[in-house]
Number of protein chains: 2
Amino acid sequence: MDRARVGLKDVARLAGVSVKTVSNVVNGYAHVTTATRTRVEAAVKELNYRPNLSARNLRQGRTGIIALAVPELDVPYFAELAGLVVACAEERGLTVLIDQTGGTREREQLVVEGFRAHLIDGVIFSPLALTPEDLAGRLDDTPMVLLGERVYPGSADHVVVDNVAAAREATLHLAGLGRRRIAAIGAQDDVAAETSRLRLAGYRDALEEAGLPYDDRLVVPVETYRRADGARAMAALLDSGLAPDAVFCFSDPLALGAMRTLLERGHTVPGDVALAGFDDIEDGRYVTPTLTSISPDKRALARQAVDLLADRMSKGSQDVAREVRVAYRLAIRESTNG
Amino acid sequence: MDRARVGLKDVARLAGVSVKTVSNVVNGYAHVTTATRTRVEAAVKELNYRPNLSARNLRQGRTGIIALAVPELDVPYFAELAGLVVACAEERGLTVLIDQTGGTREREQLVVEGFRAHLIDGVIFSPLALTPEDLAGRLDDTPMVLLGERVYPGSADHVVVDNVAAAREATLHLAGLGRRRIAAIGAQDDVAAETSRLRLAGYRDALEEAGLPYDDRLVVPVETYRRADGARAMAALLDSGLAPDAVFCFSDPLALGAMRTLLERGHTVPGDVALAGFDDIEDGRYVTPTLTSISPDKRALARQAVDLLADRMSKGSQDVAREVRVAYRLAIRESTNG
DNA sequence: CTGAAAGCGCTAACAG
DNA sequence: CTGTTAGCGCTTTCAG
């Protein structure tokens, strides 16, 4: 028997009722006699009937699917976030479909243009390379919530972390340990690299506040925020002879890469060099030394994003874009506190 | 203008052609005059028309969506795998929707029962707690590819890694270093924990082959394969006074947790205790000491899974279930080779 | 409380 | 090369 072709009306015929009644039962509507209900349920089971979601979606004008667009799933921060978003969405009966943008502007523009229009009811989007202009001319009216940065105020709902303040706090912590030559790993040349710019700003603020000079040779650019880049950047820093006594890394993987280089070359952490990261991924709590890191409330981030999106989906588009700020804290661990 | 309600016929009206012609243009069919095509494209752009995928899907009987069902996205192995699957699927024009089963049997049964029938064209499924019986009575005929274990031969296509052989090889490597008291972390009581059982079998095989006695006190059970469990298990092992000189962990996170406990308590790795893991996640290549691990070819795993599934989707269900074996290698690093 | 019929937006036949 | 029409499987009026 080809089960793929069992429809509402097959069930109706078998149960001796109309399609409407079957539909009512399937959707759990109230006014159905217990007797009819039982009969219909039996027929459903016998035929192994499954509602065709495409048809339901077409009729209802919604799919119950939301997209989550992130740069890469194998970056732990995004993996953890994705897991949380999937879980939150499910609580609301929503299914999550994943887009990997690779952090490239081209693919991020596609997301903004709504290349999955009518398939998804909304999108949660963590952009990396997107510019304000890309957002400004947005035609697609699929509800969208942006994560991480206030890329373009007023254009969409945002869930943000105060990157400047957080970076400042991490750097001040390093300065507070008496470190004088505090390097930064994670600068990016790309004009669109908003995250990098904000964290760098916080770093500079902190230096100034601590009365330390800003030395741009201590600021190392990276291609991506991965471990390999952190390792490379740290090597460059050590080879430069500038002898930093602390490093603030703009992500945890960068910090873990840097830590690897330091330990590999026989330096101690935090003895010779104190190390702080950003994101508080699980790895950081199990390396030795454990990693001091800015810990954004990822659970809240995911929940707020889903809530905001769900609200937008039900209420329709209002003109006013909302911004929700999520808490963070500095988790001080062995890499600065050995 | 409410763009959400622009349909094929609106475009047709504006362009002064029939819906069919617009459909032809949108789908890139051949026989359309360049003039008409241009006119239609202009109309599409002007109205910001997007095809309604639900409608298209309903009509075509397929959605272009496949599901990837994994226990948790924040387990690095699954995150890396998910990233690869999403990328492979995209190359074939497929979109991936993620289900997190939490590794619970109940939720895994739902996947097998096809709770997303008609929404997805196929599913790639990495089960943890599923039993052969759960699979045996499968009614849903959505194409499915199972990952990781041959849970039930003949019931579905599989992409597998030879867990027994791999675990054996890792354990033999430890024995080859002259270690005599080789512990194992990762046993699971659950009858359904196939992975655990296979890796344990490989471990026992290796002990026998190396002429070492099997001591079940050296085999530590865990709840999950996460870092925290590894740390706990290692602590228990140390507290037991059994003084193992090597540990084979059934996953990298378990190994990283164990490493943390060892280093925290002042033991050296691999000096006092050599450590090997399973999965070769990125973290393992950046901790100090770097982690020796069984490295399955994840890229091949993802590609094979998508290929197998795509094939099944196009060809329809044949009776014969296929099994593809993916290569692995033992990546020897500092944790056993300091 | 249940039935009949319309139609969501699209594509596939079939004409022209 | 283009137009007309039917219908995918479902939910939703509107009657009964």
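- For B/Thr36 and D/dC1, the shortest distance from a side-chain N or O to OP1 or OP2 is not below 4.0 Å.
- Every residue two or more places apart in sequence or in another chain was checked for a salt bridge (Lys or Arg N to Asp or Glu O under 4.0 Å) with B/Arg39, and none qualifies.
- Residues forming a side chain to side chain donor-acceptor pair (under 3.5 Å) with B/Arg303 (at least two apart in sequence, or on another chain): B/Glu91.
- Five base pairs at each end of the helix from C/dC1-D/dG16 to C/dG16-D/dC1 define two local axes, and these are offset by 30° (rounded to 10°).
- Distance CZ (B/Arg62) to P (D/dG9): 16 Å, rounded to an integer number of Å.
- In terms of heavy-atom proximity, B/Gly103 sits nearest to B/Glu108 at CA-OE2, 3.7 Å.
- One interatomic measurement links the two molecules: CG of B/Leu119 to C1' of D/dG9, which rounds to 14 Å at whole-angstrom precision.
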For residues 78-90 of chain A, which side-chain donor-acceptor pairs fall under 3.5 Å, sequence neighbours excluded?
from	atom 1	to	atom 2	distance (Å)
A/Glu80	OE1	A/Lys298	NZ	2.9
A/Glu80	OE2	A/Glu282	N	3.0
A/Glu90	OE1	B/Arg107	NH1	2.9
A/Glu90	OE2	B/Arg107	NH1	2.8

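- Taking atom NZ of residue A/Lys9 and atom P of nucleotide C/dG3, one finds them 16 Å apart after rounding to whole Å.
- Of the two residues contacting DNA chain D, namely B/Ser18 and A/Leu53, the nearest-nucleotide position lying further toward the 5' end is that of B/Ser18.
- Remark: C1' of D/dC8 and CZ of A/Arg50 are 19 Å apart, rounded to the nearest angstrom.
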Where protein sits on nucleotides 11-16 of chain C, one letter per nucleotide: B base, S sugar-phosphate only, - none, heavy atoms under 4.0 Å: BBB---
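- Residue-environment remark: CZ (A/Arg299) stays at or below the threshold of 12 foreign heavy atoms within 6.0 Å.
- Atom CG in A/Asn24 sits roughly 13 Å away from atom P in D/dT13 (whole-Å rounding).
- Looking at B/Asp10, its side chain never comes within 3.5 Å of a backbone N or O of B/Val6 through a donor-acceptor pair.
- Residues satisfying the side chain to side chain donor-acceptor pair (under 3.5 Å) criterion with A/Ser23, sequence neighbours excluded, are A/Asn27.
- The separation between A/Asn52 atom CG and C/dC8 atom C1' is 13 Å, rounded to whole Å.
- Defined by atom type and a distance below 3.5 Å, a donor-acceptor pair is present between the side-chain atoms of B/Arg50 and B/Asn48.
- When each of B/Asp121, B/Asp140, B/Asp99 is tested with B/Arg116 by the rule salt bridge (charged side-chain N to carboxylate O under 4.0 Å, His left out), just one qualifies, namely B/Asp99.
- Note: CG (A/Asn57) to P (C/dG7) measures 21 Å, nearest angstrom.
- Not one side-chain nitrogen or oxygen of B/Thr21 sits closer than 4.0 Å to the OP1 or OP2 atom of D/dC1.
- Taking side-chain N and O atoms only, A/Ser54 has no distance below 4.0 Å to OP1 or OP2 of D/dC10.
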